[in-house]
Amino acid sequence: MSTTLAAVVRAPGEPVHTAEVALPDVGPGQVRVRMAAAGVCHSDLSLASGRLAHPMPAVLGHEGAGQVVALGEGVTDLAVGDTVLLNWNPPCRACWYCANGEPYLCARAADASGRVWGTLADGTGVHPCLGVAAFAQETVVPAGACVPVPGDIPPVEAALLGCAVLTGVGAVRNAARVQPGQSVAVIGLGGVGLAAVQGARIAGAATIVAVDPVEEKEELARSLGATHFLTPGDDLARRIRAIADGRGVDHAVECVGRAATIRAAWSCTRRGGTATVVGIGAATDTLTLNALEVPHFARTLRGCMYGSSDPAADVPDLLKLYRDGQLLLSPLVSRTIGLEDVGGALADLHSGRGARSLVVF
Ligand code: APR
Ligand code: ZN
C-alpha cells in the first residue's frame, strides 16, 4: 500500500479535485505505472459531467504514458523500467469479438472500470476512469492495458497515442479506409479530430475539409493537412458538398458526439459515401433519418469505437509514422498543465478552446 495524488470526481457533475488516494500493491496480472504524461480528452469531461455513465467516485484520465515500476505475479511480457502507454480498452483475446478480429469491441474490456482502484482518506473506494486512471502520479492497471513504447520515444508524445491518435487516425485508416485521392470531411477539431485530419493526409486524401466553430483552429488544422476550413452552420452539409464537386465527400468523420453533427456528416457525403461516427454523445440526443434518403443516397453510417484499433498492433505502426515525420504529435498539445489544473482543462474542452491539454508529472 502507498499513496498517490490523483484527480478525483466524487459524483457526476461535481468539480474535479486533487486528492491523496491509497493505492494497493499490484495484484496478480497487474502492473504499476509511474505516469509521465496524460492528455485531457473530451470523454473525461463527459464522464465527470455524467453525460457518460461511469462508476463513481472516479479518478479521471485514460490517455497516458509512463514507466513500469512494479509487476504483479504472472506478468512476464513487461519489465520494470519499460515505457508504456495505456490502452483504455484492453481486449481479453478470448471473447467472441476478440476471436472475430474486433478487439475494439471486446465484451470484457470495460470490466477494469468497475474495480476499486484505491481508497480516499475517508475510506471510500475510487474507480479508475476507463480502467486506467491516468490522472494520478502512479496507477495500477491490468497488464493487458500496457502497450510498450521504445525508450527513445518521449512519453509526453506517446501519451497522446493512447486515445486521441489511436481513435482519430484509426477511424480514418481502419474504419473508413480512406483511399488515396479521396475527399474527407472532419467535423470537430479537438485532439481526436486533429488526429483524423492527419490520418486523412497520411492516407493520401486529396481534399480534407476541416470543420470547427472555433476559428482559431484553422491554422493548426491546415498545418496538419486540411485543405479547407469551415465553421458549422445550418447549411454546413451543402457547403461541404460544394467543395467536393457538388457531389459530396467520399468520407465524413464526426469527432464531436452530437446528433446534429452526425446528421451533417451523413448529409455532406456523396451518394454511396460513408459517415464514420467517432464522437460519443448523450443517449438522449436522437438522430433522425427519413425512410427515403437511406436507400436513395446509399450511404453507410458507421459507428467507430477506439478507432477500430488494436493498440498492440496499431501503436508500432503509428510510431513508425511518427518517426518518419508523417504523424505530428507535439502540435496536438496546446498546453501542459499540472494535476491540479485538470478542472480548468475540462472547462477549456467545454468551450472548445485549444487542442489537447497535457498533464505532465
Ligand atoms: N461542429 C463542429 N465542431 C464542433 C461543434 C459543431 N457543431 N461543436 C463543437 N465542436 C468542436 C469543438 O470546438 C472542439 O474543437 O468539436 C471539438 C471537440 O473537441 P474536444 O472537446 O477536444 O474533444 P476530443 O477529445 O477531440 O473528443 C471528440 O470523440 O472520443 C470522443 O468523447 C469524445 O465525443 C468526443 C469526441
Ligand atoms: Zn479519450
Query raised in the report: Is E218 reaching over with its side chain to a backbone N or O of E215, donor-acceptor style, under 3.5 angstrom?
Result: no
Requested in this report: Quick one: pull up CZ in R93 and SG in C106 and give me the separation to the nearest 0.5 Å.
Outcome: 8.5 Å
Query raised in the report: Do S351 and R353 have side-chain atoms, one donor and one acceptor, less than 3.5 Å apart?
Result: yes
Report task. Look only at the side chain of Q137 and the backbone of L5, and say whether a donor-acceptor pair between them is shorter than 3.5 Å. Result -> yes
Query raised in the report: Do N174 and S309 pass the side chain to side chain donor-acceptor pair (under 3.5 Å) test, and can you show the C-alpha distance, the side-chain angles, and the key distance before you say yes or no?
Result: CA-CA 7 Å; N174 302 333; S309 65; 5.1 Å; no
Query raised in the report: For V214, does its backbone N or O pair with a side-chain atom of D212 as donor and acceptor, under 3.5 Å?
Result: yes
Query raised in the report: If you take all heavy atoms of G343 and V16, which pair is closest and at what distance?
Result: CA-CG1, 3.2 Å
**Report entry** 4.5 Å side-chain heavy-atom contact, R32 and L23
**Finding:** yes
**Report entry** Smallest separation among heavy atoms of A158 and L85, with atom names
**Finding:** O-CD2, 3.7 Å
**Report entry** Min side-chain heavy-atom separation V249-T207 under 4.5 Å
**Finding:** no
Report task. Would you check if V147 and V315 make a side-chain contact, meaning some heavy-atom pair closer than 4.5 Å? Result -> yes
Report task. Supply the atom-to-atom distance K217 NZ to T231 OG1, rounded to the nearest 0.5 angstrom. Result -> 13.5 Å
Scan the side chains in residues 123-132 for donor-acceptor partners under 3.5 Å anywhere in the protein, sequence neighbours excluded, and list what turns up.
| unit_1 | atom_1 | unit_2 | atom_2 | d |
| --- | --- | --- | --- | --- |
| T124 | OG1 | D122 | OD1 | 2.6 |
| T124 | OG1 | D122 | OD2 | 3.2 |
| H127 | ND1 | G114 | O | 3.1 |
| H127 | ND1 | R115 | O | 2.9 |

Requested in this report: Kindly say whether A195 contributes a backbone atom to a donor-acceptor pair with the side chain of Q198 at under 3.5 angstrom?
Outcome: no
Report task. Look only at the side chain of R201 and the backbone of Q326, and say whether a donor-acceptor pair between them is shorter than 3.5 Å. Result -> yes
**Report entry** CZ (F229) with more than 12 external heavy atoms under 6.0 Å
**Finding:** yes
Requested in this report: May I ask you to decide whether D348 forms a salt bridge with R335, counting only side-chain N to carboxylate O separations under 4.0 Å?
Outcome: yes
Requested in this report: Mind listing the closest non-hydrogen atom pair of L287 and A259 along with its distance?
Outcome: CD1-O, 3.7 Å
Query - E293 (side chain) donor-acceptor with N290 (main chain) under 3.5 angstrom - result: yes
**Report entry** Greater than 12 external heavy atoms within 6.0 Å of E219's CD
**Finding:** no
Requested in this report: Could you tell me whether the side chain of Y322 reaches within less than 4.5 Å of the side chain of L161, counting heavy atoms only?
Outcome: no
Report summary line: Taken to the nearest 0.5 Å, the spacing of R34 CZ from T4 OG1 works out to 9.5 Å
Query raised in the report: Do any N or O atoms from the side chain of T139 and from the backbone of V33 form a donor-acceptor pair under 3.5 angstrom?
Result: no
Requested in this report: Flag the pair D317 and K320 as a salt bridge only when some basic side-chain nitrogen lies within less than 4.0 angstrom of an acidic carboxylate oxygen.
Outcome: no
Requested in this report: Before accepting this row, confirm whether a basic side-chain N of the pair D285/R51 lies closer than 4.0 Å to the acidic partner's carboxylate O.
Outcome: no
Report task. Over all heavy atoms of both residues, which pair between A143 and L78 is shortest? Give the atoms and the distance, please. Result -> O-CD1, 4.2 Å
**Report entry** Test log, rule side-chain contact (heavy atoms from CB on, under 4.5 Å), inputs H17 and R10
**Finding:** CA-CA 9 Å; H17 65 280; R10 278 262 176 193; 3.8 Å; yes
Query raised in the report: Are the side chains of N87 and V141 in touch, meaning some heavy atoms are under 4.5 Å apart?
Result: no
Query raised in the report: Nearest 0.5 Å, what's the CG-CG distance between L220 and L332?
Result: 7.0 Å
Query - Distance-only polar pair, side chains of E254 and T261, donor-acceptor under 3.5 Å - result: yes
Requested in this report: For residues P103 and C98, report the shortest heavy-atom separation together with the two atoms involved.
Outcome: CA-SG, 4.1 Å
Query raised in the report: Any donor and acceptor pair, going by atom type alone, linking the side chain of D235 with main-chain N or O of R238 inside 3.5 Å?
Result: no
Report task. Compare every heavy atom of R241 with every heavy atom of S267, then report the nearest pair and how far apart it is. Result -> O-NH1, 2.8 Å
Query raised in the report: Does any donor atom in the side chain of S43 or W88 lie under 3.5 Å from an acceptor atom in the other side chain?
Result: no
Query raised in the report: Are side-chain heavy atoms of V26 and V31 found at a separation under 4.5 Å?
Result: no
Query raised in the report: Do H42 and H350 come close enough that some side-chain heavy atom pair is under 4.5 Å?
Result: no
Query raised in the report: Can you list the steps and then say if V278 with T167 is a side-chain contact (heavy atoms from CB on, under 4.5 Å)?
Result: CA-CA 8 Å; V278 178; T167 303; 3.3 Å; yes
Query raised in the report: Side-chain heavy atoms under 4.5 angstrom apart, residues restricted to Ile, Leu, Val, Met, Phe, Trp, Tyr: same cluster for I208 and I240?
Result: no
**Report entry** No-hydrogen, no-angle side-chain donor-acceptor test under 3.5 Å, T274 and R302
**Finding:** no
Report task. Following the transitive rule for hydrophobic clusters with a side-chain heavy-atom cut-off under 4.5 Å over Ile, Leu, Val, Met, Phe, Trp and Tyr, establish whether V211 and V277 coincide in one cluster. Result -> no
Requested in this report: Mind checking the CD-CG spacing from E102 to D310? Nearest 0.5 Å is all I need.
Outcome: 12.0 Å
Query raised in the report: So do the side chains of S183 and H251 get within less than 4.5 Å of each other, counting heavy atoms only?
Result: no
Query raised in the report: Is D234 atom CG crowded by more than 12 heavy atoms from other residues, nucleotides or ligands, each under 6.0 Å away?
Result: no
Report task. Mind checking the CG-OG spacing from L349 to S357? Nearest 0.5 Å is all I need. Result -> 6.5 Å
Query - Pair T336, R356: side-chain N/O donor-acceptor within cut-off below 3.5 Å - result: no
Requested in this report: Output yes when a side-chain donor or acceptor of N89 lies under 3.5 Å from a complementary backbone atom of Y104, and no otherwise.
Outcome: yes
**Report entry** R270 with D250: basic N within carboxylate O range, under 4.0 Å
**Finding:** yes
Report task. Check whether more than 12 heavy atoms from other residues, nucleotides or ligands sit under 6.0 Å from atom CZ of R108, and answer yes or no. Result -> no
Query raised in the report: Quick one: do R222 and E216 make a salt bridge, cutoff under 4.0 Å?
Result: no
